[in-house]
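In what follows, a single structure is set out as structure tokens and then discussed.
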Amino acid sequence: MRSLVLGGALVGLIVLAALLSFLWTPYDPTLVDAALRLRGVDWAHWLGTDRFGRDVASQLMVGARTTLYVGLVAVGVAALVGTPLGLLAASGPRWLGELVARVNDLVLAFPALLLAIMLGAGFGASTGTAMIAIGVATVPSFARVARAAAMQVLTTEYVLAARSAGRRPLAISVRHVLPNVAGLLIVQSSVSFGIAVLAEAALSFLGLGTQPPTPSWGRMLQESQELLAVQPRLVVVPGVAIALAVLGFSLLGDGLRDRLDPRLKGVGDAGR
Amino acid sequence: MIVAEELSRSYRRPRSTPFGPRPQVRALHEVSFEVVAGQRFGVVGESGSGKSTLVRLLAGLDSPSSGAVRFDGQLVSGRRQRDLDFLRSRLQVVFQDPMGSLDPRMRVADIIAEPLVAQRIPGRAERVAEVLAAVGLPASAADRYPHQFSGGQRQRICLARALAPRPQVLIADEPVSALDVSVRAQVLNLLSDLVDRYSLTLVFVSHDLSVVRHVCDTVAVLKSGQLVELGAVEQVYRRPRHPYTRQLVRAVPTLRGALAGITAADLTP
Amino acid sequence: CSAGSTAYSSPSAATITIGFSAEPANLDFTSTDGAAIPQALLYNVYQGLVRLDAQGKVVPLLAKSWTLSEDRRTYDFQLRDDATFTNGAHFTAEDVKFSINRVKTAWTVSTKASMDVVDHVDAVAPDHARVVLSKPSNNWLFAMAGRVGAMFTPTGTADLRTTPIGTGPYQLDRFNRGDSLVLKANPRYWGPKPTFGTVVLKYFADPTALNNALLSNGIDVISSVQTPDSLSRFETDDRFTVVQGTTTGEVVLSFNNARAPLSDKRVRQALTYAIDRRALLATAWAGKGLLIGSMVPPSDPWYEDLSNRYPYDPDRARELLAQAGQPHPVLRLRVPNLPYAVDSAQVIRSDLAKVGVTANIEELDFPAVWLKEVFSGHDYDMSIVAHVEPHDLATFGNPNYYWGYRNPRVGALLAQADAGTPEQQVSGLRQVASTISEDAAADWLFLLPNLVVAKAGITGLARDQVSDSFDLSNLGRAS
Amino acid sequence: MIVLRRAVILLVTTAVASLVVFALLAVLPGDPAQVALGVNATPELLAKARHEFGTDRPLPVQYADWLGGLLSGDLGRSYVTGEPIAPRLLDRFEVTLWLVGTAMVIAALVAVPLGAFAAVRHRRTSGVLVSAASQLGAAVPGFLAGILLVEVFAVHLRLLPSGGWTPPNADFGAFLRGLVLPALSLGLVQAAVLTRYVRSAVLDVLRADYLRTARAKGLGPVRALVRHGLRNAAVPVVTVLGLQLATLLVGAVIIERVFVVPGLGSLLLDAVGTRDLVVVQDVVMLLVVAVLLVNFLVDVLYAVLDPKLRRA
Amino acid sequence: MLAVDRLGVRAGELDLVTEVSFTVSAGERVGLIGESGSGKSLTATALLGLLPEELTASGSVRVAGVEHELVGAPERLLTKLRGSRLAMVFQEPMTALNPAMRVIDQVAEAREVHHPGRDRVLVEADALRLLEQVRLPEVATLARAYPHQLSGGQRQRVLLAMALANDPDVLVCDEPTTALDVTVQAQLLELILAGVAERGAALLFITHDLAVVATVCERVLVMYGGRVVEAGPVREVLTEPRHHYTRGLLDASDLESTDEHGRLHAIPGTVPAAGEFPSGCVFRTRCGRADEQCADLPPWTGVPDHGHACWHPVGGDS
Ligand SMILES: Nc1ncnc2c1ncn2[C@@H]1O[C@H](COP(=O)(O)OP(=O)(O)OP(=O)(O)O)[C@@H](O)[C@H]1O
Ligand SMILES: Nc1ncnc2c1ncn2[C@@H]1O[C@H](COP(=O)(O)OP(=O)(O)OP(=O)(O)O)[C@@H](O)[C@H]1O
Ligand SMILES: [Mg+2]
Ligand SMILES: [Mg+2]
């Protein structure tokens, strides 16, 4: 419960910052001004400015947007592709299950980073290519979780009951399997979200992610890495932001898992 | 009404040795019987004797390895699911585990309405209310979730679901095995009532011969997938012919027996 | 296992470790482009007839002296007679002939073009080589001081990628790919023995890692600081000495002169006015470096300070854009994915935005994609690249070069300068430089500084980087 | 049979992987010849280089050639260095294995006791603190940890080198010193992740009936956990370890870069940069095989740990 | 041998088991019956000090020959007693055995724990002997098997062998046969009885099957809502129950007696969830005989080991 609240608060804060950045940021985060470079923390610049004289707080806010955007799309795509794949593998014929499992192996074994490098080299590195690479790399985990969970659901008596009621396989997948694996998938999403945030940061750090001038936390880290000794703030701020985002999502995931666990749910309101 | 003809079903187990054959488990072996309309047909047998396998075959939820199942003369076995609509509306199943056979994420009303939806039977809301009342659950139960009910109540929900499409045959697979004695009595009473009221044909599966004796008029005894004895329940109970049946009858501890001085040693062969 | 090195083995007095940022792909600059190979091998392993001195002047090396004929086409080189290749072969005029001819036949990199002007080579005597050009060329002698002038021996070219054989003070000890190149003193070297018996050239793909290596005592010298903002760390620490000078690397904002809207001189001028290069230098390179205004570094005799030709003047920029009928052009700024380019691009984007120009930054994988799209494909409006090769002013005479700049006068001036006397060369090239500057053929953002950091006490580091080589022969340690 | 089946699956997957890799690289823009020759490469020179590299042949021929080479153990020659790839690949792989192996050992050594501790004390402050710390640790990007470790231990304290690699057979002391920081940066973050899994696995085991049985026999809580719990908790943990190992094999690139370690990741990065396609293909194939092997090992370990999965 | 006095189990503010008192002397067989959720397992686990950590026990549990009170005793003492003086067989044969350990090792361990340092060969021989004693079929091969390779009945035998390993003075069996077939159940009951008879052990046998308790035990405790509502000799309690709950259980479990409509006698309503039992008499919400008086807690009538807690006992006031 506590982790749900704490995780929710952290994630909420990031979402809020991202949303607010559409309407207002203290400064234009892309506005370069040599006169302002490397200013410390003061009233005008709450988190100071970077090498380009850009306001760090503003960059942080807009960077939250990138972070969420990459996470949402990558994880969303992975969930949308991986979940049906997993369900299909669980309920379809055996060979299909086997095939999906093997393809999963392959994708897992294929370096996601390489995909990012190749996409970046091929189409120009961008938030989009990073998103695709992260998304593709995330598909197997969804497919696997969905398949395992669906296989379990399919052996339950309520699925048997649904069949004897005359339900067709598709209806069973939609009405029974999906709702019962949804909890796990939500948890999986939140975990993947955290991983995606880290991956985006790592890719941006290698110059394979979000392109300038769009701010991104990974990019902020990369651009100020050399200033660690001179202006540690520039490394610490995005570093902490990334850590808090990942922490937030993983706490949220833990919280949701507890929340969606029928055993825990059952105790509270049994018998009424 | 239901005819089983030389029903066999074997399962393949995973290999036990790297290059060996995949062992086959004969869950059911050449079982034949007939259930006539209005009959209360009991099936007993120990765990793993093939009772649930038989239920799945009778209900067209699984296909036999050989043999056939007929319902009212129509072939059930070997048909595709979508060709079994005639069966679905007329034959319903109640499963063993009252929690496990209810989708934890569906409301009771939706659970009960499921056969109606699947078979496109109109008038859902009224029918749900009707059967809820018939199994003795309050109308308010409709909006709640399975975990909010006790074991006996859940089994009532299962019964309500089975009754919803107005079936002629009810198959119950160990419907009271998971219940306490006191609740067992409630559910057995209810089941009897419903069978009487709707003139159902009942196939009742249990490992407990005394329960079958209470509920059924005819009993079939399964052992390791084979039908070892079939007959009127009282006759089988009092004069079991097959040694296994004898053993089964004997091993059941009874209060009367115990108080009359039967010890544990007497229960074993 | 051989991937590894002597890195961080306790630095002995006879060993010096120098950190570089770009690693040679292999050791053959005759077939592989890139600055890293000559940087390590030229003057150190390979030597030419002539070399560039610290001021960028051509001086004798394997040739003791030379004479130039009246028609400026025939060079007669008096060769040293005491030079030996590390495989034991004696250096003679035959090697000169072999090496120069080999450029034409076997070399595959673009610099080989500078030997096109050679008509033929004669080995007049073992210590006398004669080179006859098809037309007079100042550039040829200059090129002879670079990698194309490197002397090979016919018995030493079997495996240039892994086994370089030259006449220089050092020879290859080990090449630990992904890590370091180890050179050891050449025992047969004809010249004075270098101070360091072993030189480890250690490669760091990451500039911060390079800095950290010096800070943590892992190396002795940073050949070139790529993160000027961190220079203050070394300047304020008396464990280190910092050398600051110039290079031949002009960071150029290139314009695609062949394509609208940048084919319009007014637009180019407007952009040049719109960019605050002083601020850009401060931001992108911490203010180190030099504003130049044209394609000439101060180490060239024809250098003139042209940096004020287009002072920062956004109003003027807007005016010019309006005149050109392009008040709000949208331009593709396709830059290599290298830090200096990306940093500069961000400043430029911001500056241009202020005058109503939209510059969309696209990072291209360097070198592969950038070469394909921008350099060969000419598919760009603006790009940013450091042109580090000496005397690359001449590229503006090539209308097919990626700038797409066509000015017949420039071509003519360049040809005259090449053929003329040194004085004519200087005045001709001055004119070229000022013409292209006037034309705003590109925007010369700044000249990369030579920023070398060494442990205190290390001597012999060149202040200015004038050639392709990182010359190791003068390095020493103050005692 | 199972081994055979696995081997066949491994083979087929690798074959498919090889095709995927090749196809992806085929559409990768950038011409190896042009990259090698650089600016002003003339068409004739380019053609010559392409011929030399073999990139002027039709793709199926190139693929067949490469695959045939692989099958006969010949990994081909690098476009850039002209040398055979195999020795270099193995050298780099060895470096990566050292790094990743050490990191995983560190991770396991830290995570197993900590995770078990956090599970056993999950209601006490100390346990909650440990699991909170592991949550936080798992959220720190590995490269940030690397940068910070360098700043502290190499630049400020000057206790350890900031980077670089010495092979173990060259100078073992230097090798160890060079290994510490990169292995820690990789290992600690993984340890944090692993701690959480160990904790939840041990928590599950603590609730298991058989642990109560063990206690009822007269085993003390710690002894019961050690003798009966850990082995059963190991099954889910091994899964995670396998996944982490696979991820690190591929994902150590950034740490390799921060610490200038000549591992497989930096080879891959360089090779893509220079369009040294055969090297890229070989690296990826090696990684695919390595990852599949890790999966295989995990399966074997399962069977060792869980007799239910042993079908003999 | 075993004396339990006012044993209570609480989860936070919630009383799950209240004031359970009984004794079992050496060689005596006492049954504990009641519907699901009446607190039988909690009582049993509290005896061995194996309650889950979120629950706390109060009251007193004493074993003959042990100075110390077991409730709140130091873990070291309990560890020493468990398995040697107090042993327990759990309900679920599927999960109560370590899936990753050979059966014989698990049995051997039970001996080894209390006889440390004994020769490995001897310990294994002991274990084999124990498995033979509980009549594990094909001992030679099955002893080396893993739990999943055994049937439910066989596993339950292994658990019994472990419990009997050190000749315990008190054996607690928590529904050891519920998951088994009747034929297997009969065999196992016989083995348990033989085992305790041989050792003269005190047996506490938990079940919800009245017939089983009648077969196995001499005395019986009836539990409902976390309280013992009736206690006494089996024959007496099961033929002339005084508490209406016992009466209800008896009627409901008799499949041969029916009312005038041919219906089984059932206790109306269901067992409330923990913490939702009424105050006063815990059974009053389901009791046909309940009146206002039942809102007060009925006192225990009779001696601790023979009596009942009911304001209106069956068959009139005692
Ligand atoms: N899907 C399956 N795959 C393999 N074997 C199976 C499968 N289903 C059942 N069996 C085996 O078939 C046999 C009969 O099983 P079935 O479930 O019909 O028995 P049952 O009499 O219903 O037992 P229980 O009382 O335990 O429910 C058993 O040995 C069982 O292990
Ligand atoms: N850890 C716990 N926390 C809270 N309540 C608990 C806990 N364990 C058990 N209970 C509750 O205590 C009550 C008694 O449980 P107990 O397991 O003793 O019942 P039982 O008589 O053994 O029933 P069964 O026949 O089902 O085993 C139940 O209502 C149960 O929900
Ligand atoms: Mg069954
Ligand atoms: Mg219990």
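Chain letters run A, B, ... following the sequence lines, proteins first and then strands; every chain starts at 1. All figures in this text were calculated on a predicted structure; none of them were measured in a lab.
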Hits for ring-ring contact (aromatic ring centres under 6.0 Å, His included) against D:F22, two or more places apart or cross-chain, chain-then-number order -> D:Y63
If one checks every heavy atom of C:Y402 against chain D at 4.5 Å, the contacting part turns out to be neither
The interface call for C:T162 against chain D, heavy-atom contacts under 4.5 Å, is side chain
**Message:** Just by distance, no angles: are the side chains of C:D173 and C:T198 close enough, under 3.5 Å, to form a donor-acceptor pair?
**Reply:** no
Applying ring-ring contact (aromatic ring centres under 6.0 Å, His included) to D:Y79 and not counting sequence neighbours gives D:F53
Greatest number of non-hydrogen atom pairs under 4.5 angstrom with chain D, of C:T32, C:D159, C:T108, C:L27, falls to C:T108
If one checks every heavy atom of D:E256 against chain C at 4.5 Å, the contacting part turns out to be neither
Turns out that what part of D:R275 lies under 4.5 Å from chain C's heavy atoms comes down to side chain
Whatever's closer than 4.5 Å to a heavy atom in chain C on D:V150 counts as side chain
Next item on the list: Compute whether any side-chain donor of one residue and acceptor of the other, for D:W66 and D:D282, lie under 3.5 angstrom apart.
Entry: yes
Honestly, the part of C:T208 sitting under 4.5 Å from a heavy atom of chain D is neither
For the residue pair C:T30 and C:D28, confirm or rule out a side-chain donor-acceptor distance under 3.5 Å. yes
Check: Around D:H51, counting heavy atoms of other residues, nucleotides and ligands shown, do more than 12 lie under 6.0 Å from its NE2?
Finding: no
Cut-off 4.5 Å, heavy atoms of chain D, and the answer for C:N212 is both
